[in-house]
Amino acid sequence: MKAEKTTVSQKSSIGNIIAENRFVKKIIEMDKKVFLQRTGWFYLVLAGALIFVYGLVAATPMSNCMFLDGIGPDEIPSMAMDGDEYLMQLTSPLNTVCIFGCVLVLAGLLYKLFKNDKRRIFYISNMVYSVLCFVLFIGLSIGTLVILIDYHTMFKGLPIDDMNSYYLMQLNNHVIPKTSWVFPFGYFVVVFSIVASFINIFNICYKWKDFNYYMRNHEVPDSDVVEERM
């Protein structure tokens with residue numbers, strides 16, 4: 001009898017441990033949902049801010065081209081155009097990148113305006129916004145990537161050795177670098193923006209699942225804030 005009681009007790013203990021672990025796992029999973037939902041707007045705003053900053057600093061390695069103003073193929077045959085024209089070619093694309101960044105920051109702030117960070121149940125407006133925000137972030141991130149690739153290609157095609165050896169550059173100790181941190185930084189920003197945009201998709205999946213559950217079981221809570229869910 002004692003052996004049987006011990007066996008039953010052990011099985012009961014094992015069952016309790018499994019139940020507790022499942023409960024813990026459920027709590028952890030809920031915390032992940034809440035964490036993604038509450039911090040989603042921050043990642044979106046940060047991604048937009050990084051793209052905006054990148055638009056401001058991207059021309060840094062080309063800045064010394066201004067000292068070749070009026071110097072072109074006649075003076076340096078390997079150049080395709082005057083030195084200042086290289087900078088002028090960058091102005092419009094990089095201004096566009098800055099605009100992209102501002103739009104994405106605004107989209108991230110709208111995340112909070114629609115209360116996507118607090119709603120327990122997403123309404124149709126929240127769902128529509130989340131989808132549009134995802135499409136916007138992906139589209140503008142890809143647009144930034146295209147501009148970055150074009151810029152990088154142009155930079156690698158510069159006759160930098162010939163430009164740096166021109167007497168005006170040597171006279172004033174100005175140098176155009178052969179490599180620059182702005183390009184890996186730019187690629188990082190684009191990848192981060194794309195990853196941040198997928199937070200919207202995760203939230204939509206979670207919210208859609210919750211919405212269906214509550215509607216199916218008629219257990220829609222009176223309050224729709226995350227704090228009261230926890």
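In what follows, every heavy atom counts, from backbone to side chain, and hydrogens, waters and symmetry copies are set aside. Nothing fancy with the numbering, it's 1 onward along the sequence. Keep in mind it's a predicted model, so treat the numbers as computed, not measured.
The distance from atom CG of Leu106 to atom CG of Leu136, rounded to the nearest 0.5 Å, is 9.5 Å. Between the CD atom of Gln89 and the CE atom of Met154 there is a distance of 6.0 Å, given to the nearest 0.5 Å. To the nearest 0.5 angstrom, Leu50 atom CG is 5.5 Å from Phe185 atom CZ. Going from atom CG of Leu140 over to atom CG of Leu145 covers 12.5 Å, rounded to the nearest 0.5 Å.
A 4.5 Å side-chain heavy-atom check between Phe192 and Leu46 finds at least one atom pair inside the cut-off. Inter-residue side-chain proximity for Ile194 and Val190 is flagged as met; some heavy-atom pair is nearer than 4.5 Å. A 4.5 Å side-chain heavy-atom check between Tyr43 and Val195 finds every atom pair outside the cut-off. Looking at Tyr111 and Val45, their side chains never come closer than 4.5 Å, going by heavy atoms from C-beta outward. Put simply, the side chain of Leu44 reaches to within 4.5 Å of the side chain of Cys133, judged on heavy atoms. The shortest distance between side-chain heavy atoms of Tyr187 and Val191 does not fall below 4.5 Å. Leu110 is not listed as a side-chain neighbour of Trp41, based on a closest heavy-atom distance of 4.5 Å or more. Thr144 has its side chain out of reach of Ser193: every pair of non-hydrogen atoms, C-beta onward, lies at least 4.5 Å apart.
More than 12 non-hydrogen atoms from other residues, nucleotides or ligands lie less than 6.0 angstrom from CE of Met81.
Applying the side chain to side chain donor-acceptor pair (under 3.5 Å) test to Lys156 and every residue at least two apart in sequence or in another chain returns nothing. For Ser78, the side chain to side chain donor-acceptor pair (under 3.5 Å) partners two or more places apart in sequence, or in a different chain, are Asp162.
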Note to self: side-chain contact (heavy atoms from CB on, under 4.5 Å), that's the test. Do Asp161 and Lys178 meet it? Break it down for me.
What the structure shows: CA-CA 9 Å; Asp161 289 335; Lys178 292 184 178 181; 2.8 Å; yes
Next item on the list: Before giving the answer on side-chain contact (heavy atoms from CB on, under 4.5 Å), spell out for Tyr86 and Leu90 the whole-Å C-alpha distance, their side-chain angles and the decisive distance to 0.1 Å.
Entry: CA-CA 7 Å; Tyr86 285 111; Leu90 284 177; over 6 Å; no
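Contact detail for Ile176 and Ile160: the closest heavy-atom pair is O-CG2, 3.2 Å. Here the closest non-hydrogen pair linking Ile51 and Phe100 is CG2-CB, 4.3 Å. Closest approach of Val105 to Gly48, counting heavy atoms only: CG2-C, 3.5 Å. In terms of heavy-atom proximity, Ser197 sits nearest to Phe134 at O-CD1, 3.3 Å.
With Ser63 contributing its side chain and Ala59 its backbone, the two residues share no donor-acceptor pair below 3.5 Å. Between the side chain of Tyr54 and the backbone N or O of Gly101, no donor-acceptor pair lies under 3.5 Å.
Linking ILVMFWY side-chain heavy atoms closer than 4.5 Å, directly or via other members, places Leu94 and Met88 in two distinct hydrophobic clusters. Under the 4.5 Å side-chain heavy-atom criterion for grouping Ile, Leu, Val, Met, Phe, Trp and Tyr, Leu158 is not connected to Val175 through any hydrophobic cluster.
Checked against the 6.0 Å centroid criterion, the rings of Tyr151 and Phe183 qualify as a close aromatic pair.
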